[in-house]
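Working notes, structure below.
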Amino acid sequence: MTNIEADVAQKAARQFLDGHFSTLESLELIDDFLSGEENTHAQLQRDLENASRATEALREEAVEISQSLRDKALTLIDVHSEVVGAAADDSVSAWQFRDGTETMDLVATLATELQSYDKLSRAKTYIDALLEVEQAKQSARQSLSTNPQGMFSAYNRLIAILAAHSSNESLEPLTSGSATSDCSADGPPQPSNLLEYTKQSVQEIWSEANKAAASAQSESLGKLGWPAKMDLSSAAAVGAFDASFSTLAGLDHITRAASDALARCGLTLRDGDAPPLPLEHMARAVDIRMRYHFESARTTSRADKPEWWLSQVLGMLRNIVPFLESHVQRLFNGTALPQVDARNEFIRLVLPVVQRKLVHDRPEYMRDGLVIAHVVHELADFEHTLRDVYFYDGPSVLGQFLADSALFSAWVEAERANAVESYMQTIAESNPFELVYEDDMLGADDAKPSRLAEKVVLVIEDIAERYAVVPSCMQRLQLLSTAQFPILIALVEDIEGEIDEFSRISLAFIRDAGITNAIASKSTSAAAQSPLISQLARLTSWYQTIWYVEEAADDWNNSPTYVDMWAAVCQRAAALGRNTDPRDWRMNCDEWSDADRTLLDETTHQSFANDDWLDGGIWERSIATLRDLKQRVLDIISRAINKDVVGQLRAYRKKSNWAVEGIDANADTDVSIELSGLLPELSSVLVALEMMVPSLAFSLLLRRLATELDTFLVERVALAHSFSQCGGRQFAKDVGALSQLLSSSTSREATKKSKQRVLPKSKECALVLANSLDSTTAPAENDMPLSLAEWGTAVVSPDASDRETELVLKKLGISTLSAKEARTLVGLRVDFAELTGCNT
């Protein structure tokens, strides 16, 4: 203890002189200081003299008692010798006196005196120790505010007394009772024994010195402006702070150095990992202000406004960190305390205040789970500032906050309930699939969101934005599974329900009488717009809804947030083995264990043997489901268009004047009257449809419509009626008009690049049916190189094989018609039948 005391005294003396006499002007105070020290010394000297006199009196009394005992012992010995010499018989005991009464009285008196001497000896030791403790206490208290070194010396002496006498039996109670005496009427309470009293004395001096130095430090910090922006221009305030800092540091060092000795006495004043005492008291200012403003009944104490108190904490850090770095760190480097980073240690002391505030507001968080998301976001920003601005490297407050499983579950449930409520409110509106923007506001190849699609994407992205700062990947996956995926599943199920309901209604849309009359009278005014367009608008709104969400999911799948989550899922699947598919990660995710959390939260991900995993993603199955649903809607759109167009061609299919003779086909430039109403309406439908779906989908719909029309014209018209050359040329004009309409609708680049012919079989049927009968007949436009009489006989001849017929047709430019279809068409030419019949 002597070496420790000397070391502390030397360092504390230097700091004391630096703090009190840092300038020449401060030397003027040395007279006052020395006068005070002399008074203190004189008082201590007087106390010591009084104690010495009391001790001398006790010593003299003990000497007298000892001399008396000696004399009485000699008398007893003389009596014993007389008794032994007078004994006449060896069988008589030497202690069987002639006068037993006198001897026994002497023995009893001697025993009493010996007992009194023992008590007095123990009392003297007890009083000496007690006097030493009291002197140390009084010295420490007198030096608290004026002489820190004197206080350190007295405090060290108290610890040394406690350590020296902790196992000394002389400090046991003077009696066998539980206490030596009761409390005196006008004195301090008496402890059960001196050891306990010494421990209490050490605690009292520690507490009083700690409190006095902390008060001085707090006062000096207040003069420097803390917790507002600090002003170090006052040398006196800086000196006062340095002096209080030195006192606290010295007190802390002495207590830490004696921690083992104190622990053996059952006394713990400072834990081994306790923070430096000066910083602990500096951080208390943050604690006081937090309790006053944010943990009371004041209006500033609001659980839903974490930014208020977190910004307050950051503001106080911003004010004191420069002081910690430039001044306090230098003071620490000059102490005997373990070296610490003052800035980082101060932040570590402030964070328990933040955690206590979070615990204080926890009941509010449990009642309103969405507030937790706001708190998490603000805590993430708070920690980001601590780590990036102040280089804090301690544990995460956010991680500890989210480690509360009940709190996290409340957040997850609140996110789920809020997402479901937002979705249900939108789906319950009058037309949730109504497109948000007009057709001309976005390009044809841009997904157009409906109100429902926009709400779904917004809800999912809002949830992702809120949990993106969560450090645990497992918790992010649980939020994804519980709050985000169900919204997407609900959208798919609702659209499937709409499709099923629509499919139960006949796809041959009921056309009102006005439309039917308009078609019959070739009227194609805007007032007679097809009801098909409104039905297509409904169908394409579903298509656009799915497409918009699909594109959003594809973007999510490639975003860093979800890529990291997918990597973690793949890592867990690789660790589990047994052909585990990472796409099945949602199974039992609510029952994941700590082992799963360790796998998922690992920051470094290994390479995977299965390359297919790298091509997937967390949204892979959702994207595939949306694409399948989008294709299903596209199929319904195609069926609706095809069936409506074919339904309008019913009159055209029943046309019966194809074989009429005597009409100048070259002069007739109009299409058939049964087709004239369809063409403008179909044109308007295609124009509208072109703005409703993307290029590839529109091209696909056109190809399907062209295939449907081609099949209809061939099977229901060309192969179902007899034709004259004039009727054949009319059919060719009709096919040409339809082909031109379909071709003109393919204005987009994606369709222009397609080399597929439009209505190929219908055009070849028209070539055959409109082919000139012989060389004397005026040829039709785009007529075949040979007349029908020149090649028809070879085709219909019973001896002509299919192979021979196909070779003939190929030379004539006919490649899609089969030999059977070609023979049927030639046979349906009434004029050719008459010609061959005459020849026959």
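No hydrogens, no waters, no symmetry mates; every other heavy atom, side chains included, goes into these values.
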Please check: side-chain N/O of [X] versus main-chain N/O of [Y], any donor-acceptor pairing under 3.5 Å?
| X | Y | result |
| --- | --- | --- |
| Q544 | M692 | yes |
| S676 | I673 | yes |
| S699 | S695 | no |
| E415 | A483 | no |
| S481 | L477 | no |
| S672 | L675 | no |
| T540 | Y543 | no |
| R829 | V768 | yes |
| S797 | T793 | no |
| D802 | A819 | no |

With side-chain contact (heavy atoms from CB on, under 4.5 Å) as the test, would you mind laying out the steps for E806 and K810 before giving the verdict?
CA-CA 6 Å; E806 290 172 356; K810 187 175 181 180; over 6 Å; no
What's the shortest heavy-atom distance between [X] and [Y], and which atoms?
| X | Y | result |
| --- | --- | --- |
| A651 | E674 | O-CG, 3.9 Å |
| A453 | T545 | CB-CG2, 3.6 Å |
| S739 | L759 | N-CD1, 3.7 Å |
| L679 | L741 | O-CD2, 3.7 Å |
| V717 | F723 | O-CE1, 3.7 Å |
| L634 | R704 | O-NH1, 4.1 Å |

Does the side chain of [Y] come within less than 4.5 Å of [X]'s, by heavy atoms?
| X | Y | result |
| --- | --- | --- |
| R632 | E496 | yes |
| V808 | K811 | no |
| L742 | L709 | yes |
| L480 | W556 | no |
| L629 | I499 | yes |
| E708 | F712 | no |
| I636 | W542 | no |
| D635 | Q631 | yes |

Identify whether the distance between the nearest side-chain nitrogen and carboxylate oxygen of K763 and D710 falls below 4.0 Å.
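No.
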Is a salt bridge present between E498 and R538, judged by a nitrogen-to-oxygen distance below 4.0 Å?
yes
Before you tell me yes or no, could you show the steps for I495 and F433 under side-chain contact (heavy atoms from CB on, under 4.5 Å), namely the whole-Å CA-CA distance, both residues' side-chain angles and the distance that decides it to 0.1 Å?
CA-CA 10 Å; I495 293 180; F433 295 100; 3.8 Å; yes
With side-chain contact (heavy atoms from CB on, under 4.5 Å) as the criterion, how do L700 and L696 come out once you've worked through the C-alpha distance, each side chain's angles and the decisive distance to 0.1 Å?
CA-CA 6 Å; L700 176 63; L696 292 178; over 6 Å; no
Just verifying a value: how many Å separate [X] [atom1] and [Y] [atom2], rounded to the nearest 0.5 Å?
| X | Y | atom1 | atom2 | value |
| --- | --- | --- | --- | --- |
| E821 | L809 | CD | CG | 10.5 Å |
| I427 | S422 | CD1 | OG | 13.0 Å |
| K455 | S450 | NZ | OG | 12.0 Å |
| N657 | S724 | CG | OG | 9.0 Å |
| S743 | L702 | OG | CG | 9.5 Å |
| L713 | L719 | CG | CG | 10.5 Å |

Can you list everything that forms a ring pair (Phe, Tyr, Trp, His ring centres under 6.0 Å) with Y652? Sequence neighbours excluded, please.
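Y652: ring pair (Phe, Tyr, Trp, His ring centres under 6.0 Å) contacts with W658.
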State which residue, out of [options], fulfils the side chain to side chain contact (heavy atoms under 4.5 Å, CB included) condition with [X].
| X | options | answer |
| --- | --- | --- |
| V492 | V549, D628, T625, I546 | T625 |
| I623 | R621, E620, R627 | R627 |
| L452 | V457, T426, V436 | T426 |

Aromatic rings F485 and W585: how do their planes relate, parallel, tilted or perpendicular, breaks at 30° and 60°?
tilted
Mind checking whether Y562 and Y467 have parallel, tilted or perpendicular rings, split at 30° and 60°?
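Geometry flag for Y467 against Y562: perpendicular rings.
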Does R653 have more than 12 heavy atoms from other residues, nucleotides or ligands lying within 6.0 Å of its CZ?
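More than 12 heavy atoms, drawn from other residues, nucleotides or ligands, come within 6.0 Å of this atom.
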Taking atom CD of E465 as the centre, report whether more than 12 heavy atoms of other residues, nucleotides or ligands fall under 6.0 Å from it.
no
Between Y437 and D446, do the side chains contain a donor N or O and an acceptor N or O under 3.5 Å apart?
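No, no side-chain donor-acceptor pair sits under 3.5 Å.
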Criterion side-chain contact (heavy atoms from CB on, under 4.5 Å) on N771 and F832, from CA distance to verdict:
CA-CA 10 Å; N771 191 203; F832 178 77; over 6 Å; no
